[in-house]
There are 2 protein chains.
Amino acid sequence: MRPVTVYDIAREANVSVATVSRVLNNTAPVKKETRERIVALMHKYQFQPNALARSLTRKETGMIGFILPDITNPFFPEVLSGFDYEARKLGYTYFLCDTISTNEENERLYDRQYERESQYLSLLMEKQVDGIVMIGGRVDLAKPDPELTRELEEVAKRVPVLLLNGSLPKTKLNRVSADQKFGAELAVQHLIDLGHRDIAVIGGYSKMTNTQQRLSGFRSAMKDAGLAVRKEWILTEGFSVPKGQEFAAKLLSAKRRPTAIFCMNDLLAIGALKAAHRAGIRVPEELSIVGYDDIPQATYSIPELTTVSLMSQEIGRQAARTLDKMIAGKKVPLFQSIMPELVVRETTAPLSGTNFQ
Amino acid sequence: MRPVTVYDIAREANVSVATVSRVLNNTAPVKKETRERIVALMHKYQFQPNALARSLTRKETGMIGFILPDITNPFFPEVLSGFDYEARKLGYTYFLCDTISTNEENERLYDRQYERESQYLSLLMEKQVDGIVMIGGRVDLAKPDPELTRELEEVAKRVPVLLLNGSLPKTKLNRVSADQKFGAELAVQHLIDLGHRDIAVIGGYSKMTNTQQRLSGFRSAMKDAGLAVRKEWILTEGFSVPKGQEFAAKLLSAKRRPTAIFCMNDLLAIGALKAAHRAGIRVPEELSIVGYDDIPQATYSIPELTTVSLMSQEIGRQAARTLDKMIAGKKVPLFQSIMPELVVRETTAPLSGTNFQ
DNA sequence: TCTATATGTGAAACGGGTTTCATTATGGCT
DNA sequence: AGCCATAATGAAACCCGTTTCACATATAGA
């Protein structure tokens with residue numbers, strides 16, 4: 001059962017395909033009577049224009065590639081859903097490109113991930129996407145392999161590319177990112193306002209831009225308050241719940257322990273919560289914890305997480321809007337910053353014994 | 001900067017486009033020397049074949065449409081990641097079609113959702129996808145609007161359609177689903193084995209197939225054990241954390257309260273956990289809770305959830321494999337069942353005072 | 001009445017590949 | 001030497017829309 005084409009319609013309507021195309025796209029006036037005849041036939045046969053053929057001539061597909069590192073990490077569905085919302089309104093459809101790559105022990109293989117990104121980049125170009133948005137992976141690297149960056153720049157010459165929540169230093173690639181440093185300052189300042197002086201920070205990967213920026217926010221907030229940062233209270237290399245639990249357990253079992261922990265994401269904070277629970281330390285009475293990202297799960301825990309909202313949905317929305325403009329050839333700012341917001345819930349409280357509020 | 005085409009390559013290599021196509025696809029022997037000349041040019045110009053043009057003639061795109069109700073619900077990323085894993089290996093790329101539709105109060109609008117599904121169905125056909133997989137939405141309806149079903153059947157005539165985790169009664173549409181009844185039996189039987197006799201069940205939507213099936217599993221397990229099911233201990237219409245909290249709070253504040261709650265998904269279970277905590281009831285000592293789905297978050301809670309794993313990743317993988325076969329025109333079973341597994345963690349314990357084990 | 005402009009339409013080229021069919025060159029075998 | 005299978009290649013058609021260009025007709029303004 002061959003699908004019906006404009007030719008079929010044209011033949012039966014006794015017109016040329018050009019006319020059919022015209023009613024299809026409203027691109028030139030068609031006599032009312034002719035139009036009706038054609039429309040009727042289209043309905044009769046449930047005609048559906050072949051998007052491939054259309055895109056081939058139009059040189060636009062309405063398709064976008066969305067490259068992310070791991071859909072299973074609840075942060076990404078959040079930004080994706082914001083992106084989806086806006087992209088749909090703008091008439092785009094998108095390929096989801098997950099670059100996660102794990103070995104048997106379910107550990108992340110970074111090199112494979114970058115390789116996947118490259119494969120997807122090239123695949124998406126073949127598919128003639130109108131634009132590409134990329135989050136995580138190489139985009140997060142503070143010192144990216146020049147080769148990886150070069151490739152991205154090469155792609156960006158041919159099709160609009162938008163980087164989310166990262167920063168490739170020294171490149172001219174468009175970005176929309178949360179202000180990570182500001183977000184960290186927000187979190188740490190909150191802790192300081194509550195009277196905490198012994199603040200630890202856990203998680204992140206030292207090679208990632210966002211980690212470095214958050215760390216820098218942490219340091220600057222501490223410095224402004226005249227507080228010392230203790231090197232042994234900065235535990236990095238990890239972003240998962242188990243890692244958070246591990247880090248926090250280490251912190252909490254030491255002779256001297258912090259009264260507050262700033263976690264590089266909510267997953268870590270949830271892990272920290274578990275560690276505190278295991279250690280019999282009450283949150284927030286004896287230990288304040290603040291997370292980062294404000295994923296939905298932040299409200300699932302007991303107590304609910306105080307955290308920094310990166311406005312993940314908003315990042316996604318902004319991404320869609322910006323990419324659309326880039327595709328349309330409009331000018332957009334090279335860099336757009338989204339301001340995080342502090343969400344105070346139940347895991348933070350004034351330092352016990354004091355009453356700063 | 002017009003992208004280079006086979007014509008450009010052909011001209012410079014002094015061959016016809018047919019020959020270029022042949023080296024591109026290895027579809028007929030080409031003299032070694034000629035081949036090398038062409039390959040060299042391809043590299044020189046970083047030639048990337050236009051997938052649209054290719055698909056137009058080949059009548060296959062390597063594209064799949066994946067329709068789901070809400071990527072923000074952690075169950076779906078699990079399924080999706082399994083699907084992604086396998087689909088990528090098989091050389092497919094897929095459009096993510098999220099049909100969620102909410103009003104200002106962030107409430108789900110079902111009718112709009114079905115409408116979205118229809119839009120996507122038609123859009124995907126225009127895009128010439130090789131196949132469609134669909135999960136949630138109308139697929140979950142026990143008594144679907146005949147019109148919705150008819151549409152699906154119409155689509156399935158033109159392109160392979162695979163339904164996940166649902167059942168449209170009386171249709172000949174291919175499906176792969178977890179055995180929901182069996183899963184529920186597993187959960188309830190576990191509770192019964194622990195000595196519980198007063199078992200409540202919360203969540204789900206009474207109009208959904210999976211809810212009905214799980215309920216039927218619950219009932220059959222209760223009946224086999226000679227236990228009565230109390231109508232006021234079956235609270236439905238909801239799948240979220242707040243709903244779980246609400247349902248559980250109601251249950252726990254009654255004069256007579258259950259000693260165990262079977263939740264229709266993990267989100268509800270997390271909500272129940274919160275309600276118990278608020279009510280000062282210890283889990284699992286005073287109340288056992290079992291969830292359903294085994295989303296990653298099931299291990300984030302304190303205590304960790306005992307739950308029924310639907311093998312979500314496995315469902316996704318199976319979907320990809322099956323759809324691939326359907327696309328290839330191979331025969332596949334109309335219905336494939338995936339067996340859930342019970343995952344015992346920390347929210348269930350023997351009924352206090354007894355020691356059944 | 002005669003341009004000027006808008007309306008209505010078709011033929012043909014185009015987009016960038018693949019595939020069929022025909023043709024020539026080549027090698028192996030009797 | 002003669003024949004056949006295979007290698008190697010090109011011309012042209014095809015996939016299914018869109019777009020350009022040309023042309024005919026109609027309407028309006030001068």
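To find a chain, count down the sequence lines: A is the first, B the second, and so on, and within it residues start at 1. Since the structure is predicted, the reported quantities are computational estimates derived from the model, not experimental observations.
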**Q** For side-chain contact (heavy atoms from CB on, under 4.5 Å), just list the numbers for Met42(B) and Val20(B), CA-CA rounded to whole Å, side-chain angles, deciding distance to a tenth of an Å, and then say yes or no.
**A** CA-CA 10 Å; Met42(B) 284 178 170; Val20(B) 176; 3.7 Å; yes

**Q** In whole angstroms, how far is the P atom of dG10(D) from the CZ atom of Arg11(B)?
**A** 14 Å

**Q** When the side chains of residues 85-92 of chain A are checked against the rest of the protein, which donor-acceptor pairs come out under 3.5 Å, sequence neighbours left out?
**A**
unit_1: Glu86(A); atom_1: OE2; unit_2: Arg321(A); atom_2: NE; d: 3.3
unit_1: Arg88(A); atom_1: NH1; unit_2: Asp98(B); atom_2: O; d: 2.5
unit_1: Arg88(A); atom_1: NH2; unit_2: Ile100(B); atom_2: O; d: 3.3
unit_1: Tyr92(A); atom_1: OH; unit_2: Asp324(A); atom_2: OD1; d: 2.6

**Q** Output all residues satisfying side chain to side chain donor-acceptor pair (under 3.5 Å) with Thr72(B), sequence neighbours left out; order by chain, then residue number.
**A** Glu78(A)

**Q** Considering the terminal five base pairs at each end of the helix from dT1(C)-dA30(D) to dT30(C)-dA1(D), what angle separates the two local helix axes, rounded to 10°?
**A** 40°

**Q** Quick test of your reading: applying salt bridge (charged side-chain N to carboxylate O under 4.0 Å, His left out), list the pairs with at least one residue in residues 57-72 of chain A, sequence neighbours left out, ordered by first then second residue.
**A** none

**Q** Hydrogens and angles aside, do Tyr94(B) and Asp84(B) bring a side-chain donor and acceptor to less than 3.5 Å of each other?
**A** yes

**Q** Quick check against the 3.5 Å criterion: does Asn50(A) have a side-chain atom that pairs as donor or acceptor with the backbone of Leu52(A)?
**A** yes

**Q** Considering only dG17(D), dG17(C), dT19(D), which nucleotide approaches the side chain of Pro49(B) most closely?
**A** dG17(C)

**Q** How close or far is atom C1' of dG17(C) from atom CD of Glu126(A), stated in whole angstroms?
**A** 12 Å

**Q** Provide, to the nearest angstrom, the distance between the CD atom belonging to Gln128(A) and the C1' atom belonging to dT18(D).
**A** 16 Å

**Q** Assign a letter to each nucleotide of nucleotides 8-15 of chain C from its 5' end: B, base within under 4.0 Å of a protein heavy atom; S, sugar-phosphate only; -, no contact.
**A** SBBB--BB

**Q** Distance only, no hydrogens: is a donor on one side chain within 3.5 Å (strictly under) of an acceptor on the other, for Asp140(A) and Thr209(A)?
**A** no

**Q** Under 3.5 Å, which donor-acceptor pairs link side chains of residues 152-163 of chain A to any protein atom two or more places apart or in another chain?
**A**
unit_1: Glu154(A); atom_1: OE1; unit_2: Arg150(A); atom_2: NH1; d: 3.4
unit_1: Glu154(A); atom_1: OE2; unit_2: Lys157(A); atom_2: NZ; d: 3.4

